[in-house]
Amino acid sequence: MKAFGWAATSSVDSLRIEGVGERGYQVGRAWSPHGTYDSVPTPNSMYILLTIEGAGEVAHDGRVVPYEANQIVFLDGEKPSTIELHEPTARYLWRFDATVLRNPRVRERVGELIPVHQGVWSPAAGLTNGLIGATPGVGESIHAGRASEHLLAAIFDNIAPTSTASRSPTDVYRDALLVIEHHKNNPAFTAAAIGPALGVHDRTVRRAFSLLGTTARRELEQRRVDTLRALLGTRPDTTLAFAELAESAGFDSPRRARAVLRAATPPAPPAPLGGHSGS
């Protein structure tokens with residue numbers, strides 16, 4: 001764990017970790033059913049995590065984002081990070097010092113969970129698996145480290161071929177609505193996860209929604225309110241039923257669901273003067 005730049009802050013009885021490397025780089029794979037891990041800040045370094053199974057949260061430099069399978073994250077090794085597993089998680093992990101990955105394009109995406117297809121990440125996994133099984137003279141070679149490093153740089157170029165600034169606010173807004181529609185019924189999904197899902201920075205999402213006079217959180221909650229109203233039309237409004245329907249609609253608590261529902265419900269129109277309308 002220390003060689004990869006991480007320290008466990010909870011029980012690691014079931015942690016399985018394999019790796020190889022030398023001073024300046026480490027490559028490996030790990031599996032654990034649970035746990036919380038803090039990074040060990042290291043000057044001029046970069047940590048990379050690729051999740052292939054599981055879910056949890058990554059906190060980096062004051063920002064917390066949820067992760068799931070088929071996502072990669074680049075972390076500045078000089079700044080503190082925390083990984084919290086919410087379910088059994090399998091991942092590949094790398095650590096490079098004085099790396100070519102510490103360049104402006106990568107640094108723009110540091111701390112973001114970037115979606116990556118298996119066909120893109122599998123070469124890095126294959127190289128890592130091969131180095132773990134190789135003779136020490138190969139696996140610990142600095143040339144093997146450089147090969148891993150440049151392969152990850154190629155993967156980054158594939159998943160982030162252009163600057164996020166090149167995407168128009170209209171495109172970001174349209175794609176964000178699709179993400180919201182797909183994840184709205186998951187109580188663990190928040191507006192903070194939209195940027196990572198799209199591969200853009202949070203401020204890009206905020207700008208896209210602000211230009212249209214709204215916010216990502218407001219749009220997400222409106223979708224959940226619409227779903228909840230539809231569900232309430234089919235069930236009696238008892239406390240238990242409301243709690244179940246609120247969760248089905250994507251709210252993390254009945255209290256939050258009622259608050260958002262009240263805020264989204266327009267006030268009733270005033271009654272006509274005199275209580276009736278005349279002819």
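Between the side chain of Ser141 and the main chain of Gly137, no donor-acceptor pair closer than 3.5 Å is present. Listed for the Ser45 side chain is no donor-acceptor partner under 3.5 Å among the backbone atoms of Pro41. The backbone N or O of Arg203 sits less than 3.5 Å from a side-chain atom of His201, completing a donor-acceptor pair. Using modelled atom types, one side-chain atom of Thr9 and one backbone atom of Thr36 make a donor-acceptor pair closer than 3.5 Å. Between the side chain of Glu78 and the main chain of Asn44, a donor-acceptor pair closer than 3.5 Å is present.
Under the rule for a side-chain hydrogen bond (donor to acceptor under 3.5 Å, both in side chains), Glu140 has no partner lying at least two apart in sequence or in another chain. In this view, Asp38 and Thr82 satisfy the side-chain hydrogen bond (donor to acceptor under 3.5 Å, both in side chains) rule, not counting sequence neighbours. Shown here are the side-chain hydrogen bond (donor to acceptor under 3.5 Å, both in side chains) partners of Arg256, two or more places apart in sequence or in another chain: Glu221. Every residue was checked against the ring pair (Phe, Tyr, Trp, His ring centres under 6.0 Å) condition with Tyr92, not counting sequence neighbours, and none meets it.
In the displayed structure, Arg223 atom CZ is contacted under 6.0 Å by more than 12 heavy atoms of other residues, nucleotides or ligands. Counting heavy-atom neighbours within 6.0 Å of His150 NE2, excluding the residue itself, gives a total above 12.
In this structure the side chain of Leu50 never reaches within 4.5 angstrom of the side chain of Ile155, judged on heavy atoms. Taking 4.5 Å as the limit, some side-chain heavy atom of Phe189 sits within range of a side-chain heavy atom of Arg224.
Sorted by first and then second residue, the ring-ring contact (aromatic ring centres under 6.0 Å, His included) pairs involving residues 51-79 (not counting sequence neighbours) are Phe74-Phe156. Residue pairs meeting the side chain to side chain donor-acceptor pair (under 3.5 Å) criterion with at least one member in residues 46-57, sequence neighbours excluded, are Thr42-Tyr47.
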